Amino acid sequence: MQARIIMLVDLDYFFAQIEEKRNPALKDKPVVVCVYSGRTKDSGAVSTANYVARKYGVKSGIPISLAKTKLKDVDAVFLPVDKEYYSKVSEKIMNILRGYADIFEQVSVDEAYLDVSQKTRGSYLDASELAARIKDDVFNQQKLTCSIGVGPNKLVAKIAADYQKPDGLTVVKPEYVLRFLSPLPVRRLVGVGRKTEQRLETLGVKTIAQLARFDIQKLVDVFGRNLAAYFHNASLGIDEDPVEERGEPESLSKISTLKEDTNDITKILPVAYHLCEEVHKKLTQRQLVCRSVSIYVVASDLGMHSRSKTFENPTSDLQLFKDTVKELFEKFLAETDLQARRVGVKVSNLDKKEAMQKQLTSFFGG
Ligand code: DCP
Ligand code: CA
Ligand code: CA
C-alpha cells in the first residue's frame, strides 16, 4: 500500500477573524468574541479572541469579566457570537477544501482532514504546493487565513498545523517525524489534557521524546492498556486512523490480522470482540445505529468470506454485536475448514440515533 499524505487545515482565530472581515474597522484592535450567559451584563465565557487580544492573555474559555480586566487599558472590542453566520462561512470553506481531497473529513466548524495521497502520488513536494494553493484559494474566496499541517498521518498533520500559527504551513516528511515531535511537550498530543499532562509530569515525562522512551509497562500500570498503547504509538508518530468522510457513511468496519492463521474460535473471538468495541465506538461517536452486523474473514488462501445478520430493530448495543459476531464465527467455522488470516467486523444499514428515537416515540405514542 502506498504511504499516506494527510493534511489538517485549521482556520486561524476563526470566529474573531470572521468578525474582523465583516467589519474592517476592527482590524488591529483586540477582538473578543463572547458567549454571554445573560445572567449579568458580563457573565459568560470567551469563545475566541484575535491574536492582538491573545497578547494580553485573553483566550477561549476564560470569563468575559477576566478578559475585560486584562484589556481594561486598551481599545478592545467585545462581540456576541453569531453562530449562524459562522456556520455559513464554515460551509463555504469546507466546500472549497473538499474539492482538494481524495477523502475529506470535517472535524469541527473550522477544521478538516484531507487525505491527498492519490492526488499527490505520495510526493511531499506536490503536497506542499497543494497546501499553498489551498491557502491562497481560501484567502481569495473568503479573505480568511488558515494554517495547514502536512504529514504521514492525522496525528502528525494536526500537530504540524498548530506548530506555526497564524497563516502557517508546516510540512513534516516521514523521515523527520521523530525529530519534529521529540522536543514538543506531551500536551500537543491529541488526548493529553491538563490532568494527563500533570500525571505524566509526576512520572518525569514532559516531552514527547521522554514519553517515547518511557517504560511501556509503567504506562500500562498508570493509564491502562488502551491509553498506554495510544500514548506510546503517538509519541513515535504512529497513527493509522483513516481519514473518513463523515455525514452518513454506508457502513463502518474494522479489520485486524491474527497472530497466526487459525480456525480456533478461542483465538479468533478476543480479536473479534476488540473489533466490535472499536466499531461500536465509531458508531456511537457518530450517533448512529445499525441494523446489520457482518463478519469478514480473509482466509489463508487470501479468499474473502463474509457472514451477516440483520436485526428487526436498529441498535447500537455492544453486547448484541459481540453475541452476533460469536454466532456468525461459530457458523462460519462449522461450515468451512478454512484457516482465518485476517478477521473483520462491519455494521451497516446505518441510521441516525434520533431517527430511532423518533420511531420509538411515535410507536409508543409519546
Ligand atoms: N471555540 C469556542 N470555545 C472554545 C474553543 C473554540 O467557542 N473553548 C470556537 C471559537 C473558535 C472556533 O471554535 O474560533 C475554532 O476553535 P479553535 O480551537 O480552532 O480556535 P481558533 O480558530 O479561535 O484559534 P486558532 O487560531 O488557535 O485556531
Ligand atoms: Ca482554528
Ligand atoms: Ca479548530
Side-chain angles (χ1 to χ4, degrees), residues 1-12 93-94 96-108 110-139 144-192 197 200 205-214 216 219 228-246 257:
M1 199 183 75
Q2 191 196 25
R4 298 186 298 153
I5 300 189
I6 310 299
M7 285 183 192
L8 188 271
V9 182
D10 182 86
L11 275 294
D12 301 321
I93 292 170
M94 293 302 154
I96 299 173
L97 299 179
R98 188 176 276 111
Y100 284 97
D102 300 321
I103 313 169
F104 179 79
E105 178 179 353
Q106 182 176 349
V107 280
S108 77
D110 79 331
E111 204 171 313
Y113 286 104
L114 282 63
D115 186 323
V116 295
S117 315
Q118 301 296 325
K119 197 160 282 232
T120 59
R121 292 162 292 120
S123 153
Y124 273 81
L125 184 62
D126 286 12
S128 335
E129 285 171 8
L130 187 65
R133 279 223 312 278
I134 293 173
K135 283 166 65 73
D136 284 348
D137 199 1
V138 170
F139 190 79
L144 295 174
T145 64
C146 59
S147 295
I148 302 187
V150 183
N153 55 44
K154 285 175 156 180
L155 177 115
V156 174
K158 167 85 180 159
I159 298 174
D162 284 340
Y163 191 68
Q164 288 175 285
K165 252 183 169 297
D167 204 11
L169 170 52
T170 305
V171 180
V172 183
K173 290 189 188 178
E175 58 268 38
Y176 290 105
V177 165
L178 286 182
R179 254 174 288 176
F180 172 67
L181 294 179
S182 288
L184 300 177
V186 286
R187 186 66 190 268
R188 292 292 181 88
L189 298 172
V190 176
V192 179
E197 184 185 31
L200 284 168
V205 175
K206 283 188 174 176
T207 65
I208 295 179
Q210 287 168 333
L211 182 58
R213 283 196 299 268
F214 197 74
I216 183 142
L219 274 186
Y230 167 74
F231 287 154
H232 183 70
N233 285 330
S235 71
L236 297 171
I238 299 168
D239 169 30
E240 312 222 300
D241 191 29
V243 176
E244 287 177 311
E245 179 78 41
R246 298 203 178 177
T257 305

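Because the structure is a prediction, the values reported are computed rather than measured. Along the sequence shown, residues carry numbers from 1.
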Handout entry: Pair Asp167 + Lys135, salt bridge at N-O below 4.0 Å
Key =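 Judged by the 4.0 Å cut-off on N to carboxylate O distance, Asp167 and Lys135 do form a salt bridge.
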
Exercise for the section: Specify the closest pair of heavy atoms between Phe231 and Leu211, including all atoms of both residues, with the distance to one decimal. Expected result: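 Nearest pair, atom of Phe231 first, then Leu211: O-CD2, 3.8 Å.
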
Problem - Nearest heavy atoms of Leu114 and Leu97, plus distance in Å - result: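 Reported closest heavy-atom pair: CD2-O, 3.7 Å.
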
Problem - Note, Pro242 side chain near Glu244 side chain (heavy atom, < 4.5 Å) - result: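 They are in contact (side-chain heavy atoms under 4.5 Å apart), so the answer is yes.
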
Roughly how far, to the nearest 0.5 Å, is the [atom2] atom of [Y] from the [atom1] atom of [X]?
{"X": "Leu189", "Y": "Glu197", "atom1": "CG", "atom2": "CD", "value": "10.5 Å"}
{"X": "Lys165", "Y": "Thr170", "atom1": "NZ", "atom2": "OG1", "value": "10.5 Å"}
{"X": "Ile148", "Y": "Ile134", "atom1": "CD1", "atom2": "CD1", "value": "5.0 Å"}
{"X": "Cys146", "Y": "Leu8", "atom1": "SG", "atom2": "CG", "value": "10.5 Å"}
{"X": "Asn153", "Y": "Ile5", "atom1": "CG", "atom2": "CD1", "value": "12.0 Å"}
{"X": "Glu111", "Y": "Ile93", "atom1": "CD", "atom2": "CD1", "value": "12.5 Å"}

Treating [X] as the side-chain partner and [Y] as the backbone partner, does any N or O pair qualify as donor plus acceptor under 3.5 Å?
{"X": "Asp102", "Y": "Lys119", "value": "yes"}
{"X": "Gln210", "Y": "Thr207", "value": "yes"}
{"X": "Asp239", "Y": "Leu155", "value": "yes"}
{"X": "Lys206", "Y": "Pro185", "value": "no"}

Practice task
Examine Tyr163 together with Phe180 and report whether their ring centres are nearer than 6.0 Å.
Solution key: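 Judged by ring-centre distance (under 6.0 Å), Tyr163 and Phe180 do meet the cut-off.
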
Handout entry: Ser147 side chain to Asp162 side chain, donor-acceptor N/O pair below 3.5 angstrom
Key =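 There is no such pair (donor and acceptor under 3.5 Å, judged by atom type) between the side chains of Ser147 and Asp162.
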
